[in-house]
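Below, chain A is the first sequence line, B the second, and so on; all start at residue 1. All values below come from the heavy atoms of this structure, side chains included, with hydrogens, waters and symmetry mates left out.
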There are 2 protein chains.
Amino acid sequence: MSKKKQDLVDHAESLFYNHGIHAIGLKRIVTEANVALMTMYNHFESKEDLVLEVLKQREDRYFDLLRSHVNTSDNQALAIARAHSEWLRSSRQNGCMFLRAKEEYSDPTHPINTYVVAHKEALLAFVKKENFNHEDAMRLVLLLEGATSLAEVVDVDEVATQLQSMVTTTIGE
Amino acid sequence: MSKKKQDLVDHAESLFYNHGIHAIGLKRIVTEANVALMTMYNHFESKEDLVLEVLKQREDRYFDLLRSHVNTSDNQALAIARAHSEWLRSSRQNGCMFLRAKEEYSDPTHPINTYVVAHKEALLAFVKKENFNHEDAMRLVLLLEGATSLAEVVDVDEVATQLQSMVTTTIGE
DNA sequence: TTAAAAATATAATGATCGTTCTATTTATCA
DNA sequence: TGATAAATAGAACGATCATTATATTTTTAA
(Lines give C-alpha, C1' and ligand atoms only; values in the text may rest on other atoms or scores of the structure.)
Protein backbone atom coordinates (compact mmCIF):
# COMPACT_ATOMS: atom_id res chain seq x y z
CA MET A 1 0.00 0.00 0.00
CA SER A 2 1.56 3.27 -1.17
CA LYS A 3 1.95 6.11 1.29
CA LYS A 4 -0.58 8.30 -0.54
CA LYS A 5 -3.16 5.52 -0.51
CA GLN A 6 -2.64 4.90 3.20
CA ASP A 7 -2.95 8.63 3.90
CA LEU A 8 -6.29 8.60 2.12
CA VAL A 9 -7.57 5.65 4.13
CA ASP A 10 -6.42 7.14 7.43
CA HIS A 11 -8.00 10.54 6.87
CA ALA A 12 -11.14 8.99 5.45
CA GLU A 13 -11.51 6.79 8.53
CA SER A 14 -11.14 9.73 10.87
CA LEU A 15 -13.57 11.95 8.96
CA PHE A 16 -16.13 9.19 8.40
CA TYR A 17 -16.02 8.21 12.05
CA ASN A 18 -16.37 11.75 13.31
CA HIS A 19 -19.09 12.94 10.94
CA GLY A 20 -20.56 10.02 9.06
CA ILE A 21 -20.02 8.80 5.51
CA HIS A 22 -22.72 10.75 3.71
CA ALA A 23 -21.72 13.91 5.56
CA ILE A 24 -18.15 13.86 4.24
CA GLY A 25 -17.29 14.62 0.64
CA LEU A 26 -14.29 13.26 -1.21
CA LYS A 27 -12.94 16.77 -1.64
CA ARG A 28 -12.69 17.16 2.13
CA ILE A 29 -10.83 13.87 2.43
CA VAL A 30 -8.27 14.48 -0.30
CA THR A 31 -7.67 18.01 0.93
CA GLU A 32 -6.93 16.92 4.50
CA ALA A 33 -4.87 13.98 3.26
CA ASN A 34 -2.84 16.27 0.96
CA VAL A 35 -3.66 14.13 -2.04
CA ALA A 36 -5.07 15.02 -5.44
CA LEU A 37 -8.62 13.94 -6.20
CA MET A 38 -7.44 11.98 -9.23
CA THR A 39 -4.96 10.10 -7.09
CA MET A 40 -7.86 8.90 -4.99
CA TYR A 41 -9.64 7.65 -8.13
CA ASN A 42 -6.42 6.04 -9.22
CA HIS A 43 -6.37 3.94 -6.04
CA PHE A 44 -10.10 3.40 -5.51
CA GLU A 45 -12.91 2.74 -7.94
CA SER A 46 -15.39 4.85 -6.00
CA LYS A 47 -16.22 6.36 -2.63
CA GLU A 48 -17.90 3.09 -1.68
CA ASP A 49 -14.67 1.27 -2.48
CA LEU A 50 -12.79 3.64 -0.16
CA VAL A 51 -15.35 3.05 2.60
CA LEU A 52 -14.88 -0.71 2.31
CA GLU A 53 -11.10 -0.36 2.57
CA VAL A 54 -11.52 1.82 5.67
CA LEU A 55 -13.75 -0.80 7.30
CA LYS A 56 -11.36 -3.59 6.35
CA GLN A 57 -8.37 -1.89 7.96
CA ARG A 58 -10.38 -0.93 11.05
CA GLU A 59 -11.58 -4.51 11.40
CA ASP A 60 -8.01 -5.81 11.18
CA ARG A 61 -6.90 -3.41 13.90
CA TYR A 62 -9.80 -4.38 16.17
CA PHE A 63 -9.28 -8.13 15.89
CA ASP A 64 -5.52 -7.72 16.29
CA LEU A 65 -6.19 -5.92 19.57
CA LEU A 66 -8.60 -8.63 20.74
CA ARG A 67 -6.13 -11.37 19.86
CA SER A 68 -3.25 -9.67 21.65
CA HIS A 69 -5.28 -9.54 24.87
CA VAL A 70 -6.76 -13.02 24.60
CA ASN A 71 -3.37 -14.56 23.92
CA THR A 72 -1.87 -13.18 27.13
CA SER A 73 -4.66 -13.99 29.57
CA ASP A 74 -6.35 -17.04 31.06
CA ASN A 75 -9.68 -15.26 31.60
CA GLN A 76 -10.85 -14.85 28.01
CA ALA A 77 -14.08 -13.00 28.75
CA LEU A 78 -12.29 -10.43 30.86
CA ALA A 79 -9.49 -10.20 28.32
CA ILE A 80 -11.99 -9.33 25.60
CA ALA A 81 -13.69 -6.79 27.85
CA ARG A 82 -10.32 -5.19 28.63
CA ALA A 83 -9.33 -5.11 24.96
CA HIS A 84 -12.65 -3.51 24.07
CA SER A 85 -12.21 -0.95 26.84
CA GLU A 86 -8.81 -0.07 25.45
CA TRP A 87 -10.36 0.23 21.97
CA LEU A 88 -13.01 2.61 23.26
CA ARG A 89 -10.51 4.75 25.15
CA SER A 90 -8.28 5.06 22.09
CA SER A 91 -10.71 7.06 19.99
CA ARG A 92 -13.45 9.64 20.13
CA GLN A 93 -16.71 8.31 21.55
CA ASN A 94 -18.88 8.27 18.47
CA GLY A 95 -20.32 4.77 18.48
CA CYS A 96 -19.44 1.67 16.51
CA MET A 97 -18.26 2.67 13.05
CA PHE A 98 -19.34 -0.65 11.57
CA LEU A 99 -22.92 -0.39 12.78
CA ARG A 100 -23.02 3.24 11.74
CA ALA A 101 -21.90 2.32 8.22
CA LYS A 102 -24.59 -0.35 8.11
CA GLU A 103 -27.18 2.15 9.28
CA GLU A 104 -26.20 4.58 6.54
CA TYR A 105 -26.41 1.83 3.91
CA SER A 106 -29.41 -0.03 5.27
CA ASP A 107 -30.20 -1.86 2.05
CA PRO A 108 -29.31 -5.44 3.07
CA THR A 109 -27.93 -6.15 -0.41
CA HIS A 110 -25.50 -3.22 -0.35
CA PRO A 111 -21.85 -4.32 -0.13
CA ILE A 112 -21.22 -2.08 2.88
CA ASN A 113 -24.20 -3.56 4.69
CA THR A 114 -23.19 -7.14 4.01
CA TYR A 115 -19.61 -6.37 5.02
CA VAL A 116 -20.73 -5.10 8.44
CA VAL A 117 -23.03 -8.06 9.03
CA ALA A 118 -20.13 -10.37 8.22
CA HIS A 119 -17.91 -8.39 10.60
CA LYS A 120 -20.32 -8.82 13.51
CA GLU A 121 -20.72 -12.50 12.71
CA ALA A 122 -16.92 -12.73 12.76
CA LEU A 123 -16.93 -11.11 16.18
CA LEU A 124 -19.43 -13.66 17.48
CA ALA A 125 -17.35 -16.43 15.94
CA PHE A 126 -14.21 -15.01 17.56
CA VAL A 127 -15.87 -15.17 20.98
CA LYS A 128 -17.21 -18.68 20.43
CA LYS A 129 -13.74 -19.83 19.42
CA GLU A 130 -12.62 -18.98 22.97
CA ASN A 131 -14.81 -21.75 24.35
CA PHE A 132 -18.02 -19.78 24.85
CA ASN A 133 -21.35 -21.26 23.87
CA HIS A 134 -23.80 -19.40 21.65
CA GLU A 135 -25.69 -17.82 24.53
CA ASP A 136 -22.60 -16.56 26.37
CA ALA A 137 -21.13 -15.24 23.13
CA MET A 138 -24.31 -13.24 22.47
CA ARG A 139 -24.30 -11.90 26.00
CA LEU A 140 -20.68 -10.87 25.82
CA VAL A 141 -21.15 -9.06 22.52
CA LEU A 142 -24.28 -7.38 23.87
CA LEU A 143 -22.19 -6.02 26.72
CA LEU A 144 -19.46 -4.81 24.35
CA GLU A 145 -21.97 -3.02 22.12
CA GLY A 146 -23.70 -1.55 25.11
CA ALA A 147 -20.42 -0.15 26.39
CA THR A 148 -19.67 1.39 23.00
CA SER A 149 -23.02 3.18 22.98
CA LEU A 150 -23.04 4.21 26.62
CA ALA A 151 -19.58 5.71 26.29
CA GLU A 152 -21.09 8.27 23.92
CA VAL A 153 -22.86 9.92 26.83
CA VAL A 154 -21.06 8.69 29.95
CA ASP A 155 -17.36 8.96 30.80
CA VAL A 156 -15.56 6.14 29.02
CA ASP A 157 -13.52 5.11 32.08
CA GLU A 158 -16.65 4.67 34.14
CA VAL A 159 -18.22 2.64 31.34
CA ALA A 160 -15.11 0.46 31.04
CA THR A 161 -15.20 -0.26 34.75
CA GLN A 162 -18.84 -1.33 34.60
CA LEU A 163 -18.27 -3.37 31.46
CA GLN A 164 -15.49 -5.42 33.01
CA SER A 165 -17.47 -5.89 36.18
CA MET A 166 -20.57 -7.02 34.32
CA VAL A 167 -18.63 -9.37 32.07
CA THR A 168 -17.00 -11.00 35.09
CA THR A 169 -20.30 -11.66 36.85
CA THR A 170 -22.37 -12.45 33.74
CA ILE A 171 -20.22 -14.63 31.50
CA GLY A 172 -19.51 -18.13 32.77
CA GLU A 173 -15.80 -18.94 32.74
CA MET B 1 -50.33 20.20 15.26
CA SER B 2 -51.91 20.37 11.79
CA LYS B 3 -52.28 17.19 9.79
CA LYS B 4 -49.77 18.31 7.16
CA LYS B 5 -47.18 19.12 9.81
CA GLN B 6 -47.67 15.75 11.48
CA ASP B 7 -47.38 13.98 8.13
CA LEU B 8 -44.05 15.71 7.60
CA VAL B 9 -42.73 14.67 11.01
CA ASP B 10 -43.88 11.07 10.55
CA HIS B 11 -42.33 10.62 7.12
CA ALA B 12 -39.18 12.45 8.19
CA GLU B 13 -38.77 10.15 11.18
CA SER B 14 -39.15 7.04 9.05
CA LEU B 15 -36.75 8.24 6.36
CA PHE B 16 -34.18 9.60 8.81
CA TYR B 17 -34.26 6.39 10.81
CA ASN B 18 -33.92 4.15 7.78
CA HIS B 19 -31.21 6.07 5.93
CA GLY B 20 -29.76 8.75 8.18
CA ILE B 21 -30.31 12.49 8.30
CA HIS B 22 -27.64 13.66 5.89
CA ALA B 23 -28.63 10.96 3.41
CA ILE B 24 -32.22 12.21 3.11
CA GLY B 25 -33.09 15.43 1.31
CA LEU B 26 -36.09 17.58 2.11
CA LYS B 27 -37.48 16.94 -1.37
CA ARG B 28 -37.72 13.24 -0.63
CA ILE B 29 -39.54 13.90 2.63
CA VAL B 30 -42.12 16.33 1.26
CA THR B 31 -42.73 14.10 -1.76
CA GLU B 32 -43.45 11.01 0.34
CA ALA B 33 -45.51 13.03 2.80
CA ASN B 34 -47.55 14.57 -0.05
CA VAL B 35 -46.72 18.06 1.10
CA ALA B 36 -45.33 21.05 -0.76
CA LEU B 37 -41.78 22.11 0.04
CA MET B 38 -42.97 25.58 1.01
CA THR B 39 -45.42 24.07 3.47
CA MET B 40 -42.52 22.43 5.20
CA TYR B 41 -40.75 25.80 5.48
CA ASN B 42 -43.99 27.30 6.73
CA HIS B 43 -44.01 24.86 9.66
CA PHE B 44 -40.28 24.55 10.31
CA GLU B 45 -37.49 27.08 10.23
CA SER B 46 -34.99 24.63 8.76
CA LYS B 47 -34.13 20.96 8.30
CA GLU B 48 -32.44 21.03 11.69
CA ASP B 49 -35.67 22.30 13.23
CA LEU B 50 -37.53 19.38 11.65
CA VAL B 51 -34.97 16.94 13.00
CA LEU B 52 -35.41 18.31 16.51
CA GLU B 53 -39.19 17.93 16.29
CA VAL B 54 -38.77 14.33 15.10
CA LEU B 55 -36.51 13.56 18.05
CA LYS B 56 -38.89 15.26 20.47
CA GLN B 57 -41.88 13.21 19.35
CA ARG B 58 -39.86 10.01 19.31
CA GLU B 59 -38.63 10.71 22.82
CA ASP B 60 -42.20 11.27 24.03
CA ARG B 61 -43.30 7.95 22.54
CA TYR B 62 -40.38 6.09 24.12
CA PHE B 63 -40.87 7.45 27.62
CA ASP B 64 -44.64 6.92 27.37
CA LEU B 65 -43.93 3.28 26.62
CA LEU B 66 -41.50 2.96 29.53
CA ARG B 67 -43.97 4.59 31.92
CA SER B 68 -46.84 2.37 30.85
CA HIS B 69 -44.78 -0.74 31.63
CA VAL B 70 -43.28 0.54 34.87
CA ASN B 71 -46.68 1.61 36.18
CA THR B 72 -48.15 -1.88 35.80
CA SER B 73 -45.34 -3.95 37.26
CA ASP B 74 -43.62 -4.46 40.58
CA ASN B 75 -40.29 -5.48 39.04
CA GLN B 76 -39.17 -2.16 37.58
CA ALA B 77 -35.93 -3.38 36.00
CA LEU B 78 -37.72 -6.18 34.18
CA ALA B 79 -40.54 -3.83 33.25
CA ILE B 80 -38.08 -1.46 31.61
CA ALA B 81 -36.37 -4.34 29.81
CA ARG B 82 -39.75 -5.57 28.53
CA ALA B 83 -40.76 -2.11 27.40
CA HIS B 84 -37.47 -1.70 25.57
CA SER B 85 -37.90 -5.10 23.93
CA GLU B 86 -41.33 -4.05 22.69
CA TRP B 87 -39.80 -0.80 21.40
CA LEU B 88 -37.16 -2.72 19.48
CA ARG B 89 -39.65 -5.15 18.01
CA SER B 90 -41.93 -2.35 16.82
CA SER B 91 -39.50 -0.90 14.28
CA ARG B 92 -36.78 -1.77 11.83
CA GLN B 93 -33.50 -2.71 13.49
CA ASN B 94 -31.36 0.26 12.61
CA GLY B 95 -29.89 1.27 15.94
CA CYS B 96 -30.76 4.05 18.34
CA MET B 97 -31.97 7.08 16.38
CA PHE B 98 -30.89 9.46 19.13
CA LEU B 99 -27.30 8.24 19.20
CA ARG B 100 -27.24 8.19 15.42
CA ALA B 101 -28.38 11.81 15.28
CA LYS B 102 -25.68 12.70 17.78
CA GLU B 103 -23.10 10.87 15.71
CA GLU B 104 -24.11 12.80 12.58
CA TYR B 105 -23.89 16.10 14.46
CA SER B 106 -20.89 15.35 16.60
CA ASP B 107 -20.10 18.96 17.40
CA PRO B 108 -20.95 19.02 21.14
CA THR B 109 -22.36 22.54 20.81
CA HIS B 110 -24.80 21.64 18.04
CA PRO B 111 -28.45 21.73 19.20
CA ILE B 112 -29.08 18.19 17.94
CA ASN B 113 -26.06 16.91 19.86
CA THR B 114 -27.07 18.60 23.10
CA TYR B 115 -30.64 17.39 22.68
CA VAL B 116 -29.50 13.77 22.45
CA VAL B 117 -27.18 14.08 25.43
CA ALA B 118 -30.08 15.51 27.44
CA HIS B 119 -32.28 12.64 26.26
CA LYS B 120 -29.85 9.99 27.49
CA GLU B 121 -29.43 11.84 30.77
CA ALA B 122 -33.21 11.84 31.05
CA LEU B 123 -33.19 8.09 30.49
CA LEU B 124 -30.66 7.60 33.28
CA ALA B 125 -32.74 9.88 35.51
CA PHE B 126 -35.88 7.90 34.66
CA VAL B 127 -34.19 4.69 35.79
CA LYS B 128 -32.83 6.25 38.97
CA LYS B 129 -36.30 7.52 39.81
CA GLU B 130 -37.38 3.88 40.03
CA ASN B 131 -35.16 3.40 43.07
CA PHE B 132 -31.96 2.34 41.31
CA ASN B 133 -28.64 3.73 42.41
CA HIS B 134 -26.23 5.32 39.96
CA GLU B 135 -24.32 2.13 39.28
CA ASP B 136 -27.39 -0.02 38.64
CA ALA B 137 -28.91 2.67 36.44
CA MET B 138 -25.77 2.75 34.32
CA ARG B 139 -25.73 -1.02 34.06
CA LEU B 140 -29.37 -1.18 33.06
CA VAL B 141 -28.94 1.46 30.36
CA LEU B 142 -25.81 -0.30 29.11
CA LEU B 143 -27.88 -3.45 28.66
CA LEU B 144 -30.64 -1.55 26.85
CA GLU B 145 -28.16 0.07 24.46
CA GLY B 146 -26.40 -3.22 23.90
CA ALA B 147 -29.70 -4.85 22.97
CA THR B 148 -30.49 -2.08 20.50
CA SER B 149 -27.15 -2.56 18.77
CA LEU B 150 -27.09 -6.34 18.84
CA ALA B 151 -30.58 -6.48 17.34
CA GLU B 152 -29.11 -4.96 14.19
CA VAL B 153 -27.32 -8.21 13.44
CA VAL B 154 -29.08 -10.85 15.55
CA ASP B 155 -32.77 -11.76 15.56
CA VAL B 156 -34.58 -9.25 17.76
CA ASP B 157 -36.58 -11.87 19.65
CA GLU B 158 -33.43 -13.70 20.65
CA VAL B 159 -31.87 -10.42 21.76
CA ALA B 160 -34.97 -9.51 23.79
CA THR B 161 -34.84 -12.86 25.57
CA GLN B 162 -31.18 -12.37 26.50
CA LEU B 163 -31.77 -8.77 27.54
CA GLN B 164 -34.53 -9.68 30.00
CA SER B 165 -32.52 -12.57 31.34
CA MET B 166 -29.42 -10.42 31.84
CA VAL B 167 -31.38 -7.62 33.47
CA THR B 168 -32.95 -10.02 35.92
CA THR B 169 -29.64 -11.49 37.01
CA THR B 170 -27.60 -8.29 36.88
CA ILE B 171 -29.74 -5.50 38.32
CA GLY B 172 -30.40 -5.64 42.04
CA GLU B 173 -34.09 -5.66 42.88
C1' DT C 1 -70.29 34.98 0.44
C1' DT C 2 -66.21 36.94 1.66
C1' DA C 3 -61.91 37.73 4.02
C1' DA C 4 -57.99 35.37 6.08
C1' DA C 5 -55.13 31.55 6.31
C1' DA C 6 -52.95 27.51 4.52
C1' DA C 7 -51.08 25.07 0.94
C1' DT C 8 -49.63 24.90 -3.60
C1' DA C 9 -46.42 24.85 -8.02
C1' DT C 10 -42.41 26.63 -10.01
C1' DA C 11 -38.16 28.64 -10.33
C1' DA C 12 -34.07 30.50 -8.80
C1' DT C 13 -30.13 30.86 -5.52
C1' DG C 14 -25.24 29.38 -4.65
C1' DA C 15 -23.09 25.39 -2.95
C1' DT C 16 -21.65 20.78 -2.96
C1' DC C 17 -22.03 15.99 -4.47
C1' DG C 18 -19.47 11.80 -6.98
C1' DT C 19 -17.34 11.09 -11.11
C1' DT C 20 -14.78 11.78 -15.49
C1' DC C 21 -11.64 14.06 -18.75
C1' DT C 22 -7.46 16.38 -20.25
C1' DA C 23 -3.05 17.91 -19.79
C1' DT C 24 0.99 18.66 -17.08
C1' DT C 25 4.27 17.79 -13.64
C1' DT C 26 6.79 14.95 -10.44
C1' DA C 27 8.86 10.78 -8.85
C1' DT C 28 10.86 6.13 -9.64
C1' DC C 29 14.17 3.20 -11.42
C1' DA C 30 16.76 0.82 -15.05
C1' DT D 1 19.85 10.14 -18.93
C1' DG D 2 15.67 8.34 -20.41
C1' DA D 3 11.57 5.64 -20.00
C1' DT D 4 7.79 4.39 -17.18
C1' DA D 5 4.68 5.18 -13.62
C1' DA D 6 2.47 8.15 -10.11
C1' DA D 7 0.64 12.23 -8.82
C1' DT D 8 -0.87 16.65 -9.94
C1' DA D 9 -4.10 20.86 -11.14
C1' DG D 10 -8.20 22.32 -13.13
C1' DA D 11 -12.24 22.13 -15.39
C1' DA D 12 -16.45 20.03 -16.61
C1' DC D 13 -20.40 16.76 -15.95
C1' DG D 14 -25.25 16.26 -14.37
C1' DA D 15 -27.31 15.79 -10.07
C1' DT D 16 -28.76 17.09 -5.69
C1' DC D 17 -28.42 19.96 -1.53
C1' DA D 18 -30.96 23.58 1.82
C1' DT D 19 -33.05 27.74 1.33
C1' DT D 20 -35.65 31.76 -0.54
C1' DA D 21 -38.79 34.33 -3.65
C1' DT D 22 -42.96 34.86 -6.33
C1' DA D 23 -47.38 34.05 -7.61
C1' DT D 24 -51.43 31.20 -7.58
C1' DT D 25 -54.67 28.11 -5.72
C1' DT D 26 -57.17 25.84 -2.12
C1' DT D 27 -59.07 25.55 2.31
C1' DT D 28 -61.01 27.39 6.46
C1' DA D 29 -64.14 30.32 9.22
C1' DA D 30 -66.64 34.26 10.11
Residues B:Y105 and B:E48: side-chain donor-acceptor under 3.5 angstrom: no
Validation row, ring centre B:F16 to ring centre B:H11 under 6.0 Å: no
Gap between atoms CD and P, on A:E104 and C:dG18 respectively (whole Å): 12 Å
Letter per nucleotide, 5' to 3', of nucleotides 8-30 of chain D [B base touched, S only sugar-phosphate touched, - untouched; heavy atoms, 4.0 Å]: BBB------SSBBB---------
Distance, rounded to the nearest Å, where A:K3 contributes NZ and C:dA27 contributes C1': 14 Å
Cation-pi, A:F44 ring and A:K5 (6.0 angstrom, 45 degrees): yes
OP1 or OP2 of D:dA6 under 4.0 Å from side-chain N/O of A:H43: no
Atom NZ of A:K56 with >12 non-hydrogen neighbours under 6.0 angstrom: no
Ring centroid separation B:F126 to B:H119 under 6.0 Å: no
